[in-house]
Amino acid sequence: MDHVLGLKCVLCGAEYAIDEVDYVCPKHGDEGILDVVYDYPLIGRRLTREGLSQDREFTIWRYKPLLPVAPDSPVPPLTVGWTPLYQADRLANTLGLTRLWIKDDGRQPTASFKDRASAVGVVRAQELGRKVITAASTGNAASSLAGVCASVGLSPIIFVPATAPQAKVAQLLLFGARVLAVQGTYDQAFDLCLAASREYGWYSRNTAYNPYLSEGKKTAALEICEQLGWEAPDRILVSVGDGCIIGGLWKGLKDLLALGFIDRLPKLMGIQAEGSAVLYHAWQSGTETITPVAPTTLADSISVGIPRDRIKALRAVRETGGEYVTVSDEEILAAMRNLARGAAVFAEPAGATAYAGLVKLAHQGRIKPHERVVVLVTGNGLKDIAGAMKATAAAVVPLEPTVEALQATVARLLGL
Ligand SMILES: *Cc1c(COP(=O)(O)O)cnc(C)c1O
Ligand SMILES: [Zn+2]
């Protein structure tokens, strides 16, 4: 892995060789999040825009020279990444915008953005010869890890809060994971999982804590820029819980800037649910210190009281000139409806949250009509059917199985 120079602590700047530490900077306990440092001149000789334009590998592995894995490491067989970027003209019209794209990461193999991170995490675990992988999750990181593990014949140990939506738990069980349902919050499940990883030596696929996961997450930013012909958008909107996705996007954009593939950074816009807005408040107060909350939002994937990747998440927004924005659960439900009807993208609540943020900003006149805007949809609506049913005001029409009833009902429906 000659293209990886080391790991750098986001708190104190200390640098480590890649085989020196597993996860975090030893000087700060679990707080010392590390960032992977690359040799860009070397990578620039291996990865070019021209080379990519010929590359038929339509997965995150087209960017392998820019990922923290050895060039010859086997990768999971699942098709992770290269999700569609839809131009959404009808939605743009309703918002007074002209250039809007929706990137649908509900189209990943396990139906959430998390597959990008799990895929890189599993390759790292295999490079290290680790057989047991563990994660704590509100659902998607876990079901994703379980799916990617199943693709290579591993069975992870998963900590979920007992309140995780059933569809996500069903995925876990079906993929063959062992599932521990913690009778408490996601934050408690997270701490228990870290304790277990230390106690038993299991490989930790925990957000922020494991520095390789944000490297997987950054591939979404690489794809967005490549799909837009290397003309970076003006803004990328994304929902934020722990802050790992937005931190990852920032990393990907900085990589592309360092390689000269793009010439400026888009503004990163972090959208949080009002009831789980720790990073929004820290951003507003101009601090990197957070005040934990007891989160309340129906968007379970971003229901986070202690955002684990806070430093990267706050710097991503500050250093790109972006903003944090909050939206209510009502606005999230409306966004699910509008995304589904206006662009045929079926999102889970956290998946639609970024779009809810765009609606709010557009209505307040805070986005100019000509701006090029990308909204990232992070998870599929089938993940949370209860949430989807709340989002639709429509109801099914009961029908007796007779032609007479059919005629009467159609007459009523169509006003005949
Ligand atoms: C995990 C997740 C998020 C939030 O990502 P963070 O890295 O925690 O900010 C958003 N949406 C979905 C669907 C997710 O699974
Ligand atoms: Zn440190």
Side-chain angles (χ1 to χ4, degrees), residues 1-4 36 38-88 101-127 144 147-153 212-233 236 245 248-249 251-263 266 343-345 372 374 376-378 380:
M1 266 207 261
D2 54 349
H3 64 300
V4 177
V36 180
Y38 292 99
D39 182 342
Y40 292 114
L42 179 66
I43 292 169
R45 290 196 290 277
R46 295 176 181 168
L47 187 73
T48 62
R49 296 193 294 189
E50 297 66 37
L52 281 167
S53 72
Q54 306 298 318
D55 193 343
R56 306 297 304 163
E57 174 67 50
F58 290 113
T59 68
I60 61 169
W61 304 112
R62 66 196 279 103
Y63 308 113
K64 204 173 184 189
L66 194 47
L67 291 170
V69 298
D72 55 352
S73 285
V75 299
L78 288 181
T79 302
V80 175
W82 204 257
T83 53
L85 184 72
Y86 298 122
Q87 184 151 358
W101 291 268
I102 309 283
K103 185 155 176 76
D104 185 9
D105 257 54
R107 291 275 306 266
Q108 297 282 7
T110 77
S112 88
F113 186 100
K114 298 292 194 294
D115 289 346
R116 297 179 184 277
S118 298
V120 173
V122 166
V123 173
R124 275 303 290 159
Q126 293 199 306
E127 285 178 343
S144 164
V148 178
C149 278
S151 81
V152 297
Y212 302 103
L213 304 176
S214 29
E215 299 302 313
K217 291 180 182 183
K218 81 183 179 187
T219 56
L222 309 181
E223 289 175 18
I224 287 169
C225 291
E226 187 174 1
Q227 287 169 320
L228 291 176
W230 302 113
E231 194 190 333
I236 301 176
I245 295 182
L249 295 176
K251 178 65 174 292
L253 294 168
K254 284 188 298 180
D255 282 352
L256 294 179
L257 197 64
L259 289 169
F261 286 19
I262 57 172
D263 53 16
V345 171
R372 302 167 77 247
V374 172
L376 194 53
V377 169
T378 45
N380 190 283

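What you see is a predicted model; the values in this text were computed from it and never measured.
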Step-by-step side chain to side chain contact (heavy atoms under 4.5 Å, CB included) determination, Asp104 to Val377
CA-CA 5 Å; Asp104 185 9; Val377 169; 3.9 Å; yes
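- When all heavy atoms of Pro76 and Val148 are compared, the closest pair comes out as CG-CG1, 3.8 Å.
- When all heavy atoms are compared, the tightest approach of His3 to Leu67 is NE2-O, 2.7 Å.
- Pairing each heavy atom of Gly147 with each of Thr110, the nearest pair is CA-CG2, 4.0 Å.
- Residues meeting the ring pair (Phe, Tyr, Trp, His ring centres under 6.0 Å) test with Phe261, sequence neighbours left out: Trp230.
- Taking all atoms of both residues into account, the shortest heavy-atom contact from Cys149 to Val122 is SG-CG2, 4.2 Å.
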Show the numbers, then the answer: is there a salt bridge (Lys or Arg N to Asp or Glu O under 4.0 Å) between Asp2 and Arg46?
CA-CA 12 Å; Asp2 54 349; Arg46 295 176 181 168; 2.8 Å; yes
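- A donor-acceptor contact shorter than 3.5 Å is absent between the side chain of Gln108 and the backbone of Asn380.
- When side chains are defined from C-beta on, Val123 does not count as touching Pro68, because their heavy atoms never get closer than 4.5 Å.
- Taking the side chain as every heavy atom from C-beta outward, Trp61 and Val69 approach each other to under 4.5 Å.
- The line from CG of Leu253 to CD1 of Ile236 is 5.0 Å long, rounded to the nearest 0.5 Å.
- The closest donor-acceptor contact from the side chain of Glu231 to the backbone of Cys225 lies at 3.5 Å or more, if one exists at all.
- Atom CG of Leu376 sits about 5.5 Å away from atom CZ of Phe113, to the nearest 0.5 Å.
- Within the 4.5 Å cutoff, the side chain of Thr48 has no heavy atoms near those of the Ser53 side chain.
- There is a side-chain donor-acceptor pair under 3.5 Å between Asp115 and Ser144.
- Note that the CD1 atom of Ile262 and the CG atom of Leu222 stand 9.0 Å from one another [nearest 0.5 Å].
- Taking CG of Leu47 as the reference point, atom CG of Leu256 lies at 9.0 Å (rounded to 0.5 Å).
- Judged as a side chain to side chain donor-acceptor pair (under 3.5 Å), the pairs with a partner in residues 214-226 (not counting sequence neighbours) are, in order, Tyr38-Glu215, Tyr38-Lys218, Arg62-Glu226, Tyr63-Glu226, Lys103-Glu223, Arg116-Thr219, Arg116-Glu223, Ser214-Lys312, Glu215-Lys218, Glu215-Lys251, Lys218-Asp255.
- Within the 4.5 Å cutoff, the side chain of Thr59 has no heavy atoms near those of the Val80 side chain.
- Remark: Arg107 pairs with Tyr86 by the side chain to side chain donor-acceptor pair (under 3.5 Å) rule, at least two apart or across chains.
- Residues Glu57 and Lys64 have side chains not in contact (no heavy-atom distance under 4.5 Å, counting atoms from C-beta outward).
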